[in-house]
Amino acid sequence: MKARKRAKAGSGQLLWSGKGWSGRWWTVVDGERIRRCVALGTSNRAVAAAKLARLVEGGADAATAAAPETFEQAARRILATQGIKTAGERMSRLERIVFPAIGHMAVTEIRPAHVRAVLDAAAAEGKSRVSVNHIKVDISTVLTELWRDEVVSENVALRVLVPKRAAVDERQRVVLTDEEFERFMASPEVSQELHMMALTSRCFGGMRTSDLHAWDWSHVDTVNWLDAYVSRPKTKSRDRLALPELLVPPLQAWWGAAGRPASGPVFPERHGKRAGQRRTRRSYARRLRKALWVAGIRRGETPEACELQTDTAETRCCDFHSFRRQFNTSLASAGVNVQVAMRLAGHRNTSTHMRYVLLAERLEVPRAALPKLSGKSLAYASAIAQTKRPQSHTNRSRECRIDISTS
């Protein structure tokens with residue numbers, strides 16, 4: 001008789017018999033404590049562990065446990081165990097949009113048509129193309145893990161395209177002008193923390209909110225204050241950038257106020273049980289808009305009439321990511337080389353960066369890209385410009401017709 005592989009799974013035990021995993025656990029039946037053992041119908045250890053956990057908790061019977069996982073069960077297991085940084089946000093979308101439609105289905109029964117129906121329904125509700133794509137990615141993430149574990153033969157979500165009728169919000173996000181940003185930084189009504197986060201994002205790598213949360217004092221040269229690393233969780237990368245002279249004095253003061261730490265988050269939690277710890281995902285959009293209004297930075301008499309505060313037919317209101325947009329657009333306006341600008345902004349995709357180039361109001365050709373002309377050549381060009389302009393195409397055509405008729 002072949003020896004069985006054994007593995008603990010919570011208060012139960014997994015057994016490998018060569019054909020698949022079985023689960024063994026203790027339970028109480030009619031007041032008597034007995035041990036049960038059932039086949040779990042899978043050769044995947046992670047799936048088997050999840051099934052056994054439901055059996056131990058009494059959330060399933062033996063027949064249900066042997067059946068394939070439902071999409072909801074698989075999604076909850078995968079998002080809870082894969083360490084996905086956006087797991088909370090993804091689970092929220094799945095619970096609201098995906099689970100009601102396909103959450104009850106066995107993962108082996110899901111077809112492209114089912115995924116397409118979910119995306120079509122989301123588009124019909126008026127969700128933007130970006131939001132619909134997020135939903136597709138959420139479904140695809142779960143199916144990809146199942147495919148890697150050989151639970152399903154393919155990720156069927158990859159066959160599905162985002163519906164063309166999904167709304168595309170082409171409105172530009174409003175950003176502060178340099179004059180408005182200066183007034184914002186000079187306002188005593190704005191908290192020092194918001195000042196520091198805004199200045200860092202605007203001047204140092206266009207840091208995203210997640211970048212600011214990941215920034216650690218160990219990343220900063222606190223001896224010479226020459227450079228610092230920027231961790232970018234979104235792209236899972238890290239860039240080493242020179243610290244701008246504009247940022248160094250306030251950053252030194254912020255470091256001193258924090259007790260001159262050698263490590264730890266630059267912008268930690270300030271209150272509650274997690275005070276001093278690294279921040280989790282958070283939006284500063286409302287806080288920023290409120291600070292702008294209190295600081296007197298307004299483009300209307302009321303918040304409803306101010307494009308910084310409220311979406312309009314042509315624009316979207318200001319948010320914290322606007323500082324990153326302003327940083328990237330300023331690089332383009334300054335004529336910074338695209339490759340250098342992408343490195344400074346932490347972009348890994350050229351098409352993403354080019355959107356900011358198109359937003360720049362005025363681009364200047366660098367002097368090095370211009371031809372070197374002698375004074376004689378420039379004088380000749382000026383002389384040509386001062387000569388009589390040639391006749392228009394209309395006049396030449398008319399003269400031609402007159403000559404032909406006369407002849």
Side-chain angles (χ1 to χ4, degrees), residues 85-86 128-131 133-134 137 162 168-182 184-185 196-216 219-221 225-248 251 266 284-285 288 314-373:
K85 294 183 178 295
T86 56
S128 69
R129 189 175 185 85
V130 173
S131 296
N133 189 62
H134 282 326
V137 171
V162 175
V168 178
D169 193 345
E170 297 180 346
R171 295 176 298 175
Q172 298 296 336
R173 182 74 71 173
V174 174
V175 299
L176 299 179
T177 63
D178 288 345
E179 188 271 333
E180 289 174 330
F181 184 74
E182 182 179 3
F184 171 79
M185 292 300 301
M196 278 302 305
M197 295 179 75
L199 182 63
T200 303
S201 179
R202 176 63 183 85
C203 301
F204 190 57
M207 293 174 72
R208 307 176 183 89
T209 302
S210 59
D211 300 344
L212 292 170
H213 290 175
W215 208 25
D216 195 278
H219 300 161
V220 184
D221 173 14
W225 298 92
L226 296 178
D227 53 35
Y229 286 101
V230 179
S231 292
R232 303 191 186 274
K234 183 175 181 180
T235 56
K236 298 180 181 179
S237 61
R238 191 169 76 158
D239 300 314
R240 184 182 179 185
L241 306 178
L243 286 169
E245 295 182 3
L246 183 66
L247 179 61
V248 171
L251 187 60
V266 177
Y284 297 95
L288 172 62
E314 293 81 22
T315 60
R316 300 169 66 192
C317 61
C318 184
D319 66 355
F320 195 85
H321 201 74
S322 296
F323 295 123
R324 176 170 173 78
R325 296 184 183 91
Q326 194 173 13
F327 173 79
N328 289 317
T329 306
S330 296
L331 291 178
S333 298
V336 177
N337 178 281
V338 172
Q339 286 76 18
V340 175
M342 288 179 63
R343 182 70 184 274
L344 289 171
H347 281 144
R348 298 295 180 265
N349 189 302
T350 306
S351 61
T352 300
H353 183 75
M354 289 306 295
R355 290 202 298 264
Y356 295 100
V357 175
L358 295 176
L359 287 175
E361 294 182 0
R362 180 173 61 90
L363 297 179
E364 295 184 5
V365 179
R367 184 181 295 274
L370 298 176
K372 296 180 180 180
L373 299 179

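Nothing fancy with the numbering, it's 1 onward along the sequence. These numbers come from the heavy atoms of this one structure, side chains and all, not from hydrogens, waters or symmetry mates. Fair warning: this is a prediction, and the values are worked out from it, not measured in the lab.
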Taking distance alone, no hydrogens or angles, what donor-acceptor pairs closer than 3.5 Å link side-chain atoms of residues 196-206 to residues at least two apart or in another chain?
{"unit_1": "Thr200", "atom_1": "OG1", "unit_2": "Met196", "atom_2": "O", "d": "2.7"}
{"unit_1": "Ser201", "atom_1": "OG", "unit_2": "Met207", "atom_2": "O", "d": "2.8"}
{"unit_1": "Arg202", "atom_1": "NE", "unit_2": "Gln326", "atom_2": "OE1", "d": "3.4"}
{"unit_1": "Arg202", "atom_1": "NH2", "unit_2": "Ser330", "atom_2": "OG", "d": "3.1"}

Using the test salt bridge (charged side-chain N to carboxylate O under 4.0 Å, His left out), find all partners of [X] that sit at least two apart in sequence or belong to another chain.
X	value
Arg232	Asp211, Asp239
Asp216	Arg278
Arg238	none

So does [Y] get a backbone contact from the side chain of [X], meaning a donor-acceptor N/O pair under 3.5 Å?
X	Y	result
Arg325	Val175	no
Asn328	Arg324	yes
Trp215	Tyr229	yes
Asp319	Ser322	yes

Side-chain contact test, heavy atoms from C-beta onward, threshold under 4.5 Å: evaluate it for Ser231 versus His219 and give yes or no.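 A side-chain contact exists here, since the closest heavy-atom pair is under 4.5 Å.
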
Does some side-chain heavy atom of Leu212 sit less than 4.5 Å from a side-chain heavy atom of Val266? no

Side-chain donor/acceptor pairs under 3.5 Å, residues 336-343, sequence neighbours excluded:
{"unit_1": "Asn337", "atom_1": "OD1", "unit_2": "Gln339", "atom_2": "N", "d": "2.8"}
{"unit_1": "Asn337", "atom_1": "OD1", "unit_2": "Val340", "atom_2": "N", "d": "3.3"}

Whether over 12 other heavy atoms sit under 6.0 Å from Arg240 CZ: no

Between Val130 and Val168, is a side-chain contact (heavy atoms from CB on, under 4.5 Å) present by the stated rule, with each step listed? CA-CA 8 Å; Val130 173; Val168 178; over 6 Å; no

Does the pair Leu331 and Leu344 meet the rule for a side-chain contact (heavy atoms from CB on, under 4.5 Å), with working shown? CA-CA 9 Å; Leu331 291 178; Leu344 289 171; 4.0 Å; yes

Residues passing the side-chain hydrogen bond (donor to acceptor under 3.5 Å, both in side chains) test with Ser237, sequence neighbours excluded, are Thr235, Arg348

For Val174 and Thr315, the nearest pair of non-hydrogen atoms, with its separation, is CG2-CB, 3.6 Å

Relative to the ring of Tyr284, is the ring of Phe320 parallel (under 30°), tilted (30 to 60°) or perpendicular (over 60°)?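 Rings of Phe320 and Tyr284: tilted, as their planes differ by 30° to 60°.
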
Which value, rounded to the nearest 0.5 Å, describes the distance between Glu314 atom CD and Arg171 atom CZ? 9.0 Å

